[in-house]
Amino acid sequence: MCGEGDPTQVQMDGNIGMINWNNSHLQTQTDAIKQTTNNYLRRLAILSMADLPILQFEETIMKAVEENTVVVIIGETGSGKSTQLSQILHRRGYTKSGIVGVTQPRRVAAVSVARRVSQELGVRLGDEVGYAIRFEDRTSERTRIKYLTDGVLLRESLSNPELDEYSVVILDEAHERSLNTDILLGLMKRLVERRASNFKVLITSATLDGEKVSQFFSECPVVRVPGKLFPVEIVYSHERPVSYLESSLATALDIHMKEGEGDVLIFMTGQVRVFGPRPPNCRRFIVATNIAETSLTVDGVVYVIDSGYVKQRQYNPSTGMYSLDVVQISKVQAHQRAGRAGRTRPGKCYRLYPSAVYEDEFLDVTIPEIQRSSLAGSVLYLKSLDLPDIDILKFDFLDSPSPESLQDALKQLYLIDAIDENGLITRIGKTMAELPLEPSLSRTLMEANEHGCLSQALTVAAMLSAETTLLPGRSKNTEKKRKHDYLDLPDGSGWGDHIQLLQIYECWHQTNYDIDWCKDYQLQVRGMKFVKDVRRQLSQIMQKIAKGPLDVQISRRWKESQQDYHNLRRALCVGYANQLAERMVYHNGYRTLGFKPQVVQVHPSSVLKPDDEGKLPDYVVYQELIATSRPYLRTVCAVNIAWVTPILDKVNKININKLSGGIGRIEEHTEENMSDLPKTDNVVAAVPDDHESKIQAARERFLARKGKK
DNA sequence: TGGGGATTT
């Protein structure tokens with residue numbers, strides 16, 4: 001919870017005398033000054049706040065921890081669990097035999113909570129208390145309490161599956177059910193059996209589902225710690241509004257006229273730009289998405305307006321398509337939203353839906369991310385752990401993904417050579433897992449390295465990893481007189497968006513990474529810097545894997561050579577074999593291959609160019625298939641049919657039962673029966689229906705024509 | 001010619 005980072009919430013520590021870490025640092029005057037400042041901050045913090053609820057439960061918690069390997073702690077907002085649990089364990093000696101690691105789903109939380117704890121203990125950040133997030137490891141040999149993102153802990157467990165250096169792992173904010181935390185939950189379950197004698201796991205959750213987690217960990221104890229929230233009055237609507245926008249506006253104005261002081265936080269599904277007449281005096285109205293449920297804390301909020309909806313990204317494993325849907329929130333989310341009204345004093349939450357809807361229609365908990373995402377990356381990760389006792393299809397998840405989703409992941413991994421036809425991880429797959437990239441990009445890098453275009457592929461991979469959209473939108477009304485227009489940027493030479501991204505970065509490189517150049521072309525500076533960081537990291541990892549220097553330097557002469565980016569595009573084709581589409585015969589629509597076929601369009605923002613006859617390339621690979629107003633291929637690259645043919649052969653050979661480990665999971669076949677199955681087109685993953693077989697026939701005619709050329 | 005919630009290695 002963000003609340004534990006508030007400067008006002010600090011422990012009244014009765015055990016200060018036990019903490020004597022800082023004595024050794026008082027060597028120089030500078031250190032002394034810092035120390036004085038730290039002490040001052042600390043005293044200030046201690047004075048400003050009464051004790052946190054969790055400290056009253058110290059004995060209860062410690063008794064549970066001493067008697068059990070796994071303990072679930074349910075602590076509402078403001079209980080102090082994120083900052084205090086690690087310190088309690090430290091006081092009780094658990095940092096003598098190893099590190100106390102605390103995972104967070106978000107980078108900012110890991111950093112801010114670590115900073116907070118180091119202040120409370122009066123030590124320098126990075127010494128006894130540190131944090132580790134991507135690109136930033138602020139820990140040292142002295143570090144005993146380590147905050148880290150769940151993703152970083154997963155990375156660590158790749159090289160050290162037993163997590164030997166940790167005496168305790170605390171999975172914080174488990175109720176958010178982030179993909180990585182869910183995988184860690186499964187791994188912890190295995191680990192506590194293997195390291196029962198010297199390892200403890202604490203799982204903290206803000207809400208309800210403690211019993212479920214307890215059952216998952218063989219009925220481990222659940223300790224409930226009250227939060228420090230003020231009461232929040234819930235006000236339901238009598239009916240669902242026709243327009244949520246109008247309704248929330250009306251409610252907001254109503255609050256403004258009738259209610260006392262305090263800001264208003266409005267949860268909507270997307271960006272809104274309404275609120276015309278500004279109220280005469282100063283009351284803030286904050287319109288937010290679900291970002292305000294977790295990441296963002298706004299002080300001074302007393303009123304919350306909850307639309308009851310959220311925009312959620314979902315993945316359909318049968319079509320490989322993502323969609324962004326407006327869905328009803330869960331009870332847990334509604335609870336979180338309401339809680340935002342009670343942080344500073346008693347508040348009110350206006351729910352724009354009737355209580356019957358809440359009771360009858362809302363799910364108890366949010367559908368975990370693991371059931372809404374493509375799992376290729378996670379499955380590859382689990383396979384690469386190479387734990388003989390872990391079978392991915394039987395992996396013990398708190399909430400299992402659907403068999404379809406797991407099979408989809410296996411198919412994808414097979415098509416890009418990460419696993420073999422028996423579902424066993426290949427040498428290629430093993431290497432891929434070491435790269436902090438989605439499998440398609442990892443595979444692309446490896447292929448590129450074989451064909452002398454690693455440097456280009458590194459750039460493409462880094463550009464695609466950018467957090468935000470780098471390129472400016474193509475709106476016509478922003479014709480500001482700038483030095484340059486984004487239209488002056490390279491256009492991918494007709495080959496598509498990956499190539500354009502490569503060319504843009506190379507241009508930036510030629511300016512010696514000039515920030516003003518980014519601004520001139522309306523490229524997001526922060527995004528471009530991030531790309532540079534990622535590229536450096538990827539280069540290092542690739543060299544480490546290769547155990548020697550590789551050519552990762554950016555060529556300064558791309559303009560001079562008339563490249564068709566042949567090798568790079570081929571590498572992309574190999575890497576994105578699971579995301580391949582074929583153009584329709586008579587128009588520029590595409591049909592996806594390898595999934596249940598979908599007819600899709602190239603996104604209008606693409607720089608892919610048609611030929612003289614107005615036709616787009618026969619085959620493309622795509623970065624993303626997303627259904628918005630229509631299904632679109634986003635970020636595409638033209639590839640050659642010669643590279644595609646072997647992939648299609650592979651698609652046709654997929655035997656999902658073998659991929660799943662030979663044991664039929666859907667049909668109850670015996671293993672012998674499986675191995676008897678002929679490797680013919682009859683074993684295609686998706687049996688074509690009549691419509692599809694027509695498409696198939698048309699495609700064959702098309703291919704035949706192509707072949708004659 | 002379209003629209004975009006939030007994360008992370």
Chemist: For A/E246, look at atom CD and say whether over 12 heavy atoms of other residues, nucleotides or ligands are found less than 6.0 Å away.
Modeler: no
Chemist: For the base of B/dG4, is there a side-chain donor-acceptor partner from A/R634 under 3.5 Å away?
Modeler: yes
Chemist: So, for A/Y590 and A/Y622, is the gap between ring centers shorter than 6.0 Å?
Modeler: no
Chemist: Counting the atoms with a prime plus P, OP1 and OP2 as sugar-phosphate, which does A/L154 contact under 4.0 Å by heavy atoms, base, sugar-phosphate, or nothing?
Modeler: nothing
Chemist: Using a 4.0 Å heavy-atom cut-off, does A/Y381 contact any base of the nucleic acid, only the sugar-phosphate backbone, or nothing at all?
Modeler: nothing
Chemist: Closest to the A/T628 side chain: B/dA6, B/dG4, B/dT7?
Modeler: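 Side chain of A/T628 sits closest to B/dG4.
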Chemist: Whole angstrom is fine here: how far is it from CZ in A/F530 over to C1' in B/dT7?
Modeler: 12 Å
Chemist: Please give me every residue in residues 130-137 of chain A whose heavy atoms get under 4.0 Å of an atom in DNA chain B, ordered by residue number.
Modeler: A/I133, A/R134
Chemist: By nearest heavy atom, map A/Q314 and A/Q537 onto DNA chain B; which one lands nearer the 5' end?
Modeler: A/Q314
Chemist: Whole angstrom is fine here: how far is it from OH in A/Y322 over to C1' in B/dA6?
Modeler: 13 Å
Chemist: In whole Å, I'd like the distance from the CE atom of A/M542 to the C1' atom of B/dT9.
Modeler: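 Going from CE in A/M542 over to C1' in B/dT9 covers 16 Å.
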Chemist: Do you know which two heavy atoms are closest between A/K81 and A/S205, and how far apart they sit?
Modeler: CE-O, 4.3 Å
Chemist: For A/K615, is the NZ atom crowded, meaning more than 12 foreign heavy atoms sit under 6.0 Å from it?
Modeler: no
Chemist: Rounded to whole angstroms, how far apart are CD on A/E176 and C1' on B/dA6?
Modeler: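 My rounded result for the distance is 10 Å.
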Chemist: Please determine whether a side-chain nitrogen of the Lys or Arg among A/D533 and A/R134 lies less than 4.0 Å from a carboxylate oxygen of the Asp or Glu.
Modeler: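 No, this pair does not count.
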Chemist: Using atom CG of A/N588 as one end and atom C1' of B/dT1 as the other, report the distance to the nearest whole Å.
Modeler: 13 Å
Chemist: Which listed nucleotide (B/dT1, B/dT9, B/dG4) is nearest to the side chain of A/R155?
Modeler: B/dT9
Chemist: Consider the side chain of A/Y632, meaning its heavy atoms from C-beta on, and name the nucleotide among B/dT7, B/dG4, B/dT1 that approaches it most closely.
Modeler: B/dT1
Chemist: With heavy atoms under 4.0 Å as the rule, sort A/V152 into base, sugar-phosphate or nothing.
Modeler: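 Contact class for A/V152: sugar-phosphate only.
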Chemist: Figure out the OH/C1' separation between A/Y309 and B/dG5, and round it to whole Å.
Modeler: 16 Å
Chemist: Closer than 3.5 angstrom, by distance alone: can the side chain of A/T143 be matched with the main-chain N or O of A/S140 as a donor-acceptor pair?
Modeler: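 Looks like yes, one N/O pair under 3.5 Å.
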Chemist: For the residue pair A/Y244 and A/Y309, categorise the inter-ring angle as parallel (less than 30°), tilted (30 to 60°) or perpendicular (more than 60°).
Modeler: perpendicular
Chemist: So, does A/R630 get its side chain near the phosphate of B/dG2, meaning an N or O under 4.0 Å from OP1 or OP2?
Modeler: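 A/R630 to B/dG2 OP1/OP2: side-chain N or O found under 4.0 Å.
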Chemist: Heavy atoms only, 4.0 Å cut-off, all strands: where does A/R372 land among base, sugar-phosphate and nothing?
Modeler: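 Touches nothing.
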Chemist: Who are the salt bridge (charged side-chain N to carboxylate O under 4.0 Å, His left out) partners of A/D263, not counting sequence neighbours?
Modeler: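 Only A/R284 meet the salt bridge (charged side-chain N to carboxylate O under 4.0 Å, His left out) criterion with A/D263.
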Chemist: Which nucleotide in the list B/dT7, B/dG2, B/dT8 gets nearest to the side chain of A/S629?
Modeler: B/dG2
Chemist: Taking only the side-chain heavy atoms of A/P604 (C-beta and beyond), determine which of B/dA6, B/dT9, B/dG2 contains the nearest atom.
Modeler: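 So the side chain of A/P604 is nearest to B/dG2.
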Chemist: Considering only side-chain heavy atoms of A/L324, which listed nucleotide, B/dT9, B/dG4, B/dT7, is closest?
Modeler: B/dG4
Chemist: Remember a base hit wins even if backbone is also touched, and classify A/S178 as base, sugar-phosphate or nothing at under 4.0 Å, heavy atoms.
Modeler: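 Touches nothing.
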Chemist: Tell me the interatomic distance from A/R337, atom CZ, to B/dA6, atom C1', rounded to whole angstroms.
Modeler: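 Going from CZ in A/R337 over to C1' in B/dA6 covers 12 Å.
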Chemist: Rounded to whole angstroms, how far apart are CG on A/D533 and C1' on B/dT8?
Modeler: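 Interatomic distance, CG of A/D533 to C1' of B/dT8: 15 Å.
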